[in-house]
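Data first, discussion second: the structure below is written as structure tokens.
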Number of protein chains: 2
Amino acid sequence: MRRLNFSSKRLAIYNVICSTDCHPSARWVYDNLKDDRPDLSLGTVYRNISLFKEQGIVKYVATVDGEERIDGRTDPHAHFVCNRCGRIYDVEDNEPTAAETALIGDGFNVESKSVTYYGVCDKCK
Amino acid sequence: MRRLNFSSKRLAIYNVICSTDCHPSARWVYDNLKDDRPDLSLGTVYRNISLFKEQGIVKYVATVDGEERIDGRTDPHAHFVCNRCGRIYDVEDNEPTAAETALIGDGFNVESKSVTYYGVCDKCK
DNA sequence: ATTGTTGCAAAAATTTTGCATTATC
DNA sequence: GATAATGCAAAATTTTTGCAACAAT
């Protein structure tokens, strides 16, 4: 069986992603690891995030200010993106929708759903 | 009173966006106008799309293969993004969610909601 | 040894911007 | 003529990639 998180850098990248709730960008992950691991390159962070997404252990959340933001939490939930500060918050929401049923009836394979609210967060108000 | 769609190019860009249901990228809009208007630059398309988004007459839909995709239809509805071909479909869905009420109760200003389904469309199956 | 992983820098790709020119009123 | 809009090309940004070096088994 293929072992996941083979290398120590890969593991470190994954751990950073999972131990924050800020829904980081690749650059944020890089910056946060750079202190502990000066020998880390941004390309490696990108390569590993790509891999994690293929494996399904990291999910795309939103693109904010041109940067892709990701989430290490993979259970179904929604997000709130602040239009002022760019912070992304988790929002509990697992309501199945009638629209999904309709899509399936129309012959679409629905693999995932993304629900994102946009507005101004409590800190920025 | 300030007049919208001041210039003829601006109007043409807006019309192309509104008369397709493909949820185009800036490049697609540019390519589709280029035949009729050889004197059109991609920068102008980007500048006008930015303006339309500020005005609220065009909405961001999703980022597919690194390209931002937009919609000239601004009434509340959801989307389906095909992971194979990148096509984006409109999906009727205006169910208000309990999550939105919860957000407001928590002191967030919810300005908009984006619901996007991902999977494989009927044409690609 | 062989396969997987990384650093580095270059390249690719999308989007933004500065400035001179053109269009609109 | 004054203001707004555009073309063009350069610049800025994010993301990807090639390749040699390194790590792991």
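Protein chains get the first letters and strands the later ones, always in sequence-line order, with residue 1 at the start of each.
- We find that CG of B:L33 is positioned 12 Å from P of D:dT6, with the value rounded to whole Å.
- Taking the six-membered ring for Trp and thresholds of 30 and 60 degrees, B:H23 and B:H77 have ring planes inclined between 30 and 60 degrees apart.
- Using a 4.5 Å cut-off on side-chain heavy atoms (C-beta onward), B:D71 and B:I17 make no contact.
- Between B:I13 atom CD1 and D:dA5 atom P there is a gap of 12 Å when expressed in whole angstrom units.
- A:D31 places its CG atom 14 Å from the C1' atom of D:dT14, with the value rounded to the nearest Å.
- The side chain of B:K9 contributes no N or O atom lying less than 4.0 Å from OP1 or OP2 of C:dT22.
- For A:S114 and B:Y117, the side-chain atoms include no donor-acceptor pair closer than 3.5 Å.
- Between B:F52 and B:Y14, the ring-plane angle classifies as perpendicular under the 30° and 60° cut-offs.
- Each of B:K9, B:R10, B:K53 was evaluated against B:N48; a single residue qualifies, B:R10, per the side chain to side chain donor-acceptor pair (under 3.5 Å) test.
- The CD1 atom of A:I49 sits 16 Å away from the C1' atom of D:dT17 (whole-angstrom rounding).
- In this structure, the CG atom of B:L40 is 15 Å from the P atom of D:dA5, given to the nearest Å.
- In this structure, B:S41 does not reach the D:dC8 phosphate: none of its side-chain N or O atoms is under 4.0 Å from OP1 or OP2.
- Within the 4.0 Å cut-off from OP1 or OP2 of C:dA23, not a single side-chain nitrogen or oxygen of B:S7 is found.
- Contact annotation: B:R37 does not reach the phosphate of D:dT6 (side-chain N/O to OP1 or OP2, under 4.0 Å).
- The side chain of A:Y46 has D:dT15 as its nearest neighbour among D:dT15, C:dT5, C:dC8.
- When the P atom of C:dC8 is taken as reference, atom CG of A:L42 falls 12 Å away, rounded to whole Å.
- Each of A:R47 and A:E67 was matched to the nucleotide of DNA chain D holding its nearest heavy atom; the match closer to the 5' end belongs to A:E67.
- The side chain of B:E68 lies closest to C:dT15, out of C:dT6, D:dT15, C:dT15.
- In terms of phosphate contacts, B:R27 brings no side-chain nitrogen or oxygen within less than 4.0 Å of OP1 or OP2 of C:dA13.
- If you check D:dT15, C:dG7, D:dT6 against the side chain of A:D39, the one that comes closest is C:dG7.
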